[in-house]
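Just so you know, ligand 1 is whichever comes first in the structure, and atom 1 is the first atom listed for that ligand. These figures come from a predicted structure and were not determined experimentally.
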Amino acid sequence: MSCLRMGWSNFRFREKPAVGKIRSQRKTKEQEGHRPGEALRVLISHARIRAKVVEMAREIRRDFPDDTLHLIGVLKGSILFLADLARALGGEVSFDFLGVSSYGKGTDSTGEVKLTKDLDVGIEGRTVLIVEDILDTGLTLKYLLKLFEERKPKHLRVAVLLDKVERRITDVKADYTGFAIPNEFVVGYGLDFDERYRNLPDVCVLQLGSRGKTKNE
Ligand code: IMP
């Protein structure tokens, strides 16, 4: 059954099967994807994401207790993370969004980062937090940091939900990181494959074909 046609509540997967039911519940950890040959395996459940986002928000607010935090979301993958983070932050928060392209329709970065939508307002003198879904090669973040530093913000910090540490080919680091993850192609909680799966509440590994090959292989 297509995941889109399953109810929202059925869309969640059990991360930790109860003792005694492991054999039968193993099957529930892998679900069919939207299309034949695509399967999803939960890597990080929505409950874990929720708890981590609250923890990250506390840390960020502790560092900037009195500032208006200007959150800059990198479209489109970061929007669910940004929405949850903003609600957990408290205090004064403003948003802006920008678009970059580094991935086309496939899964491998072209290595080239292009600005497809610039910010609506200037960031000079503001406390800016770049909000990214995932740090992979680091090329996108390196590009954004250079671009924004030239615009003279008061502070410039980076929050990423996921970090594929072993894929990094640049020297950039996030100031606030949710989860370090292995080198697997993930979807859900904003992350897509060809614009699909963004609405999954969990972060899942996308597997292709009967051998469970992932998109990064
Ligand atoms: P980077 O420039 O290589 O660090 O790539 C960052 C961007 O690549 C992210 O904002 C995502 O849009 C995309 N990306 C990297 N890894 C994945 C993945 O596993 N799933 C979905 N998108 C990814």
Out of Leu206, Asp136, Ile181, Val160, indicate the one that has the non-hydrogen atom closest to atom 5 (O) of ligand 1.
Asp136
Evaluating non-hydrogen atoms only, which member of Val186, Leu141, Thr140, Thr170 is closest to atom 6 (C) of ligand 1?
Thr140
Got a sec, which residues hit ring-ring contact (aromatic ring centres under 6.0 Å, His included) with Tyr189, two or more places apart in sequence or on another chain?
His46
Arg151, CZ atom: more than 12 neighbouring heavy atoms under 6.0 Å:
yes
Hey, is NZ on Lys173 packed in by over 12 heavy atoms from elsewhere, all under 6.0 Å?
no
Does the residue Val74 have a heavy-atom contact with ligand 1, meaning some pair of atoms that are separated by less than 4.0 Å?
no
If the threshold is 4.0 Å, N to carboxylate O, is there a salt bridge linking Glu184 and Arg41?
yes
Close-contact set for ligand 1 against [X] heavy atoms, below 4.0 Å:
{"X": "Glu184", "answer": "19 (O)"}
{"X": "Glu132", "answer": "10 (O)"}
{"X": "Gly138", "answer": "1 (P), 3 (O), 4 (O)"}
{"X": "Asp192", "answer": "21 (C)"}
{"X": "Leu191", "answer": "21 (C), 22 (N)"}
{"X": "Lys164", "answer": "16 (N), 17 (C), 18 (C), 19 (O)"}

Can you check side chain to side chain contact (heavy atoms under 4.5 Å, CB included) on Leu191 and Leu162, steps first, answer last?
CA-CA 10 Å; Leu191 288 150; Leu162 307 171; 3.5 Å; yes
Should Ile134 and Phe179 be regarded as members of a common hydrophobic cluster, given that ILVMFWY residues are connected when their side-chain heavy atoms come within less than 4.5 Å of each other, either directly or indirectly?
yes
So salt bridge (Lys or Arg N to Asp or Glu O under 4.0 Å) across residues 76-92, not counting sequence neighbours, yields Lys76-Glu195, Asp84-Arg87
Output yes when the distance from some N or O of ligand 1 to some N or O of Thr137 is under 3.5 Å, and no in every other case.
yes
